[in-house]
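Everything below concerns the one structure shown next.
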Amino acid sequence: MTEQETLGYDFDEAEPKWQAKWDGARAFAADDHPAADKPKYYVLEMFPYPSGQLHMGHVRNYALGDVVARYKRARGFSVLHPMGWDAFGLPAENAARERGVHPGQWTLDNIAAMRGTLQRLGFSLDWEREIATCLPEYYGHQQKLFLDMWRKGLVERRESAVNWDPVDNTVLANEQVVDGRGWRSGALIEKKRLSQWFLKITDFAAPLLEGLDKLDRWPARVRVMQERWIGRSEGARVRFALHAPPSGYDVDLDAVEVFTTRPDTLFGMSFVAIAADHPLAAKVAAGNDAARGFIEECQRLGTSEEAIEAAEKRGFDTGLRVSNPFAPDETVPVWIANFVLMDYGTGAVFGCPCGDQRDLDFARKYDLPVRPVILPPGEEPSTFTVGKTAVTGDGTLYNSGFLDGLGTVEGKRKAIKRVEAMGVGRGVVNWRLRDWGISRQRYWGCPIPVVHCESCGAVPVPDDQLPLKLPEDVTFDRPGNPLDHHPSWKHVSCPQCGADARRETDTFDTFVDSSWYFARFTAPQAGTPTDPIAANSWLPVDQYIGGIEHAILHLLYARFFTRAMKETGHLDIDEPFGGLFTQGMITHESYRDENGWLSPEDVVRSGEGYVRRDNGQPVQLGRLEKMSKSKRNTVSPTAIIERFGADTARWFVLSDSPPERDMEWTESGVAASARFGQRLYRLVQAVATQVPQNAAFAEGGRSLRQATHRSIKAVTEALENFTPNVAVARLHELSAALAEAEKTTEDGIGAARREAALTLALLVAPMMPHLAEEMVALLEPESAMVVERSWPVALEEFIALDSITLGIQIMGKLRGTIEVPPDAPSDMVLPLAEAEPNVARMLEGKRIVKRIHVPNRIVNFVVAG
RNA sequence: GCGAACUUGGCGGAAUGGUAGACGCACGAGACUUAAAAUCUCGAGUCCGUAAGGGCGUAUGGGUUCGAGUCCCAUAGUUCGCACCA
């Protein structure tokens with residue numbers, strides 16, 4: 001071992017040492033009831049699914065959160081920073097099927113491995129609050145929450161058409177169907193009718209929408225996404241009376257109800273279109289083979305993006321006709337159309353070809369009448385005709401009886417008033433949001449605490465029997481739900497009448513588990529789902545950090561749950577997350593040869609390109625991709641920690657890229673981070689050995705002290721702004737200033753160096769906490785740990801500049817600079833500026849029209865000639 | 001189709017309307033070394049010029065302003081979200 005190495009910083013020894021000291025001091029433990037003399041700060045990162053391996057995305061996520069937590073703690077906040085596991089889910093069952101491991105054991109093993117990695121990274125987490133959603137200590141309380149919501153009318157059981165994933169053999173919520181495919185399996189989703197449990201999220205549609213306005217520390221795009229998902233639209237429901245059906249149809253409905261946002265265009269109606277799965281369509285199909293054929297074709301086509309793109313608007317004329325309430329003498333045909341969605345509105349629309357492009361296309365295709373009812377500005381009623389483009393902008397209503405001459409807004413208002421007066425409709429607000437179906441036909445989830453009894457119906461499991469635990473002895477030898485296959489579990493007696501009954505064998509959607517964990521963290525040992533005092537004093541989460549992929553599902557469900565928990569008395573807040581930050585992904589170069597993707601470990605740089613490490617064969621450089629197993633471009637955090645240490649890994653993921661953007665993982669970047677750590681250690685070591693602790697300040701150290709205090713200011717601002725990359729850059733500058741000071745011998749430089757070194761340690765601490773402790777221990781061996789210290793304070797006297805370099809512009813172009821005292825007045829600055837040699841030369845022969853002096857900023861001369 | 005965001009050196013990026021390119025990576029030169037690694041120092045937007053200095057530069061074209069990477073309008077490209085929503 002060389003001397004150099006023995007003098008260097010040994011993270012292998014230091015990191016576990018400091019982690020043990022922090023644990024010993026319970027440095028990160030929070031109280032359920034936060035201290036009244038300190039402001040509270042709850043920082044939370046989205047808890048991970050225990051897949052078995054922590055990945056770099058997690059490291060970035062938790063490093064960001066840890067910077068906030070450590071910084072806020074140093075700033076005097078009482079900080080809650082917990083960690084847990086989103087531990088139910090399908091991969092555990094797949095592992096059971098594939099490898100014969102029990103899902104519970106598989107999950108707990110994974111948690112142990114990932115917890116170990118998190119602890120090696122030295123995050124300032126309160127491990128005493130750790131929760132795992134798969135443990136009865138957690139999910140029993142969730143069952144209680146469900147039952148309380150049921151009692152409050154927020155739960156419903158009903159039969160409905162559900163999204164059935166034929167690969168995962170389960171139901172999915174609408175939110176979990178992406179482009180007509182299951183979000184996890186990618187399988188084409190089928191429609192099935194099943195009895196399901198629903199949480200009535202639609203009861204909160206309006207408050208969930210309005211609440212978005214107050215979330216000013218959320219990214220705007222997340223708010224927009226939720227707004228559109230909730231999808232409020234104002235319009236009217238209108239019933240059209242059915243005329244006597246042709247013989248052969250067994251139609252017992254007497255009207256078709258539509259939803260429209262344009263009741264003002266009712267006079268332009270030329271057809272009504274219903275969805276293929278509309279009840280009326282089914283009745284028509286019962287007596288008409290052609291109709292049945294058309295409906296089946298529509299269902300085959302599906303709703304995937306490509307299908308929608310390719311599908312032409314097609315329809316089938318049922319032969320039925322309805323009357324127009326505004327024009328009682330007229331009837332229009334009822335078509336079944338492939339573009340009408342049963343899920344939205346009433347599953348039926350009226351077609352006004354003049355005012356809607358899709359209706360116009362449909363009318364042209366099937367040769368339906370196009371009656372002009374909206375006159376665009378500047379057109380004459382006598383000459384205007386509707387060609388290929390519908391009038392979707394503003395216009396004046398005409399050919400519209402009592403609505404003639406009105407604009408859109410006034411026309412809508414009057415039309416709604418009229419249908420209400422006629423008793424055929426009413427103004428309504430329609431929502432796109434659907435209730436949340438939470439039944440899943442899975443084993444590894446929270447059991448739904450319900451018993452089905454022949455005579456009593458669905459009966460809640462009594463509270464004193466909670467938690468209702470999952471049985472351990474299940475088999476995965478055939479498809480479907482193992483709970484349902486279990487020989488005895490589902491056979492119970494009715495809690496109400498004692499008769500033989502059947503236990504519900506569905507489990508909750510795992511999104512339920514993550515919809516309230518942030519509240520459980522505030523009092524994880526409580527005997528009730530929450531300790532309301534703890535929940536109300538810690539919540540809302542001040543800073544929530546996670547991936548953009550949860551912009552809708554998780555965040556909307558959690559917002560709903562918080563309101564539902566308020567309704568059921570478990571807490572008393574509306575919004576769970578005051579501030580939200582969505583961090584970018586980590587990307588990496590990808591490599592492949594003719595046999596497929598190659599891992600970075602199998603590849604070495606060679607000249608301009610890359611070759612295989614084993615046989616030197618050339619490798620093709622692929623795109624920058626999100627780290628993923630399929631592209632084999634992942635880098636394992638444990639490997640990085642072993643080679644470079646936790647601090648280096650943390651520092652690197654915080655450097656360079658702003659956290660909301662994607663960042664590229666590079667070997668050279670990691671190496672540079674490691675180098676910087678060593679450099680800091682050396683600088684501090686030099687100070688510790690060369691400068692006595694009691695060294696006195698003197699005028700000589702002033703410029704270093706200025707650098708130190710300006711760094712405090714700059715780093716503080718950067719952390720407040722959530723830009724650790726800028727903080728990193730400022731810390732590089734301070735370390736350069738400290739290195740520069742080693743060369744000087746002026747009076748007082750020693751004390752200034754000590755101050756700079758200690759400040760450096762305190763400022764890097766949120767990012768590199770272990771190294772920071774080591775630095776402080778070198779400088780002040782007998783004193784407090786960094787985690788017990790306050791954030792440094794920037795002294796104003798060193799922030800103020802002694803002199804200012806002022807740029808001199810001529811016509812907005814920089815032509816020179818001068819040094820002036822701060823706040824120098826114009827009558828001093830302007831003559832100096834004009835006299836600056838280069839400026840004077842450029843001004844020669846010109847006339848100065850205007851002299852602009854912005855103190856401490858700029859001088860600009862406007863010239864003529 | 002609708003909506004949003006983004007576009008700055010070879011690369012990641014910095015910049016309350018006021019000296020564009022901080023800081024880092026990669027690169028080049030030098031010091032130390034028998035040598036290499038490590039470390040340290042210096043250099044660098046681009047074009048012209050020995051230099052002093054100047055021209056041009058923040059996707060493109062316009063505008064507002066004494067002054068625009070930053071504000072406004074249009075265009076292009078990239079990315080993301082939603083998508084037959086009545």
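Residue numbering restarts at 1 for every chain, and letters A, B, ... go by the order of the sequence lines.
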Next on the checklist: Under 4.0 Å, counting only non-hydrogen atoms across every strand here, what does A/Arg223 touch: a base, just sugar-phosphate, or nothing?
Outcome noted: nothing
Item to check | P-based separation of B/G43 from B/G49 [nearest Å] | outcome: 23 Å
Checklist entry - Checking all strands, does A/Val258 fall into the base, sugar-phosphate, or nothing category for heavy-atom contacts under 4.0 angstrom? => result nothing
Item to check | d(CZ, A/Phe652; C1', B/G12) in whole Å | outcome: 9 Å
Item to check | Residue whose nearest RNA chain B nucleotide is more 5′ - A/Met811 or A/Val224 | outcome: A/Val224
Item to check | Separation of atom CG in A/Leu734 from atom P in B/G24, rounded to whole Å | outcome: 13 Å
Checklist entry - What is the distance, rounded to the nearest whole Å, between atom CZ of A/Phe644 and atom P of B/A38? => result 12 Å
Next on the checklist: Any donor-acceptor pair under 3.5 Å linking the side-chain atoms of A/Thr587 with those of A/Glu664?
Outcome noted: no
Checklist entry - B/C66 P sits how many Å from A/Asn860 CG, rounded? => result 10 Å
Checklist entry - What residues, two or more places apart in sequence or in another chain, satisfy salt bridge (Lys or Arg N to Asp or Glu O under 4.0 Å) together with A/Glu549? => result none
Next on the checklist: For A/Ser668, give me all partners under side chain to side chain donor-acceptor pair (under 3.5 Å), at least two apart in sequence or on another chain.
Outcome noted: none
Checklist entry - Separation of A/Gln226 atom CD from B/C82 atom P, in whole Å? => result 12 Å
Please produce a list of atom pairs where a protein N or O lies less than 3.5 Å from an N or O of nucleotides 19-23 of chain B.
{"from": "B/U19", "atom 1": "O4", "to": "A/Thr805", "atom 2": "O", "distance (Å)": "2.9"}
{"from": "B/A22", "atom 1": "O2'", "to": "A/Glu733", "atom 2": "OE2", "distance (Å)": "2.5"}

Checklist entry - Given B/G24, B/A86, B/G13, which nucleotide is nearest the side-chain atoms of A/Arg661? => result B/G13
Checklist entry - If the P atom of B/C85 is compared with that of B/C71, how far apart are they to the nearest Å? => result 34 Å
Checklist outcome for this item: Assign each of A/Ser657 and A/Phe350 the nucleotide of RNA chain B bearing its closest heavy atom; nearer the 5' end lies the nucleotide of A/Ser657
Item to check | Spacing of A/Glu227 atom CD relative to B/C85 atom C1', expressed in whole Å | outcome: 15 Å
Checklist entry - At under 4.0 Å, does any side-chain N or O of A/Lys743 touch on OP1 or OP2 of B/C40? => result no
Checklist entry - When you check the phosphate oxygens OP1 and OP2 of B/G54, does a side-chain N or O of A/Asn838 lie under 4.0 Å from one of them? => result yes
Item to check | Interatomic distance at C1', B/C11 relative to B/G17, whole Å | outcome: 29 Å
Next on the checklist: Show every salt bridge (Lys or Arg N to Asp or Glu O under 4.0 Å) that has at least one partner inside residues 799-815 of chain A, sequence neighbours left out.
Outcome noted: A/Arg702-A/Asp802
Checklist entry - Would you say a side-chain N or O of A/Arg228 is under 4.0 Å from OP1 or OP2 of B/G81? => result no
Checklist entry - Considering only B/A86, B/G18, B/C40, which nucleotide approaches the side chain of A/Arg679 most closely? => result B/C40
Checklist entry - Do A/Ser803 and A/Glu819 meet the criterion of a side-chain donor-acceptor pair at a distance under 3.5 Å? => result yes
Item to check | Contact under 4.0 Å: A/Arg358 side-chain N or O vs B/C85 OP1/OP2 | outcome: yes
Item to check | Nearest-angstrom distance, P atom, B/G18 to B/G67 | outcome: 14 Å
Checklist entry - Is B/G45 syn or is it anti, if syn means the base angle is within 90 degrees of 0? => result anti
Checklist outcome for this item: For RNA chain B, consecutive-pair runs of 3 or more (Watson-Crick or G-U wobble, both H-bond-type distances under 3.5 Å) give B:1-7 with B:76-82, B:10-12 with B:23-25, B:27-31 with B:39-43, B:45-48 with B:53-56, B:59-63 with B:71-75
Item to check | Distance between C1' atoms of B/G69 and B/G21 (Å, rounded) | outcome: 10 Å
Item to check | Spacing of the C1' atoms in B/A20 and B/A15 (rounded, Å) | outcome: 7 Å
Checklist entry - If we take the P atom in both B/A38 and B/A26, what is their distance in whole Å? => result 10 Å
Item to check | OP1 or OP2 of B/U39 under 4.0 Å from side-chain N/O of A/Arg675 | outcome: yes
Next on the checklist: Please report the distance, rounded to the nearest Å, between CD1 in A/Ile274 and C1' in B/A86.
Outcome noted: 15 Å
Next on the checklist: Using the ring centroid of each side chain, check whether A/Phe652 and A/Phe644 are separated by less than 6.0 Å.
Outcome noted: no
Checklist entry - Looking at the side chain of A/Arg432, which of B/A83, B/A86, B/A38 is the nearest nucleotide? => result B/A83
Checklist entry - Who pairs with A/Arg217 by side chain to side chain donor-acceptor pair (under 3.5 Å), at least two apart in sequence or on another chain? => result none
Next on the checklist: Going by side chain to side chain contact (heavy atoms under 4.5 Å, CB included), name the residues that satisfy it together with A/Ile858, two or more places apart in sequence or in a different chain.
Outcome noted: A/Gln809, A/Val854
Next on the checklist: If you take the centroid of each ring, where Trp contributes its six-membered ring, are A/Phe581 and A/Phe722 closer together than 6.0 Å?
Outcome noted: yes
Checklist entry - Is any side-chain nitrogen or oxygen of A/Arg221 closer than 4.0 Å to OP1 or OP2 of B/C6? => result no
Checklist entry - Which word best sums up how the rings of A/Trp335 and A/Tyr366 line up, parallel for under 30°, tilted for 30 to 60°, or perpendicular for over 60°? => result tilted
Checklist entry - Taking only residues at least two apart or on different chains, which pairs with a member in residues 650-662 of chain A satisfy side chain to side chain donor-acceptor pair (under 3.5 Å)? => result A/Asp66-A/Arg650
Item to check | Results of side chain to side chain donor-acceptor pair (under 3.5 Å) for A/Glu717 - residues two or more places apart only | outcome: none
Next on the checklist: Output the rounded distance in Å from CE (A/Met842) to C1' (B/G55).
Outcome noted: 11 Å
Checklist entry - Under 4.0 angstrom, heavy atoms only, what part of the nucleic acid is A/Val854 near: base, sugar-phosphate, or nothing? => result base
Checklist entry - Quantified in whole Å, what is the C1' atom distance between nucleotide B/A52 and nucleotide B/A37? => result 42 Å
Checklist entry - Which of the following nucleotides, B/G12, B/C40, B/A26, is nearest to the side chain of A/Arg682? => result B/C40
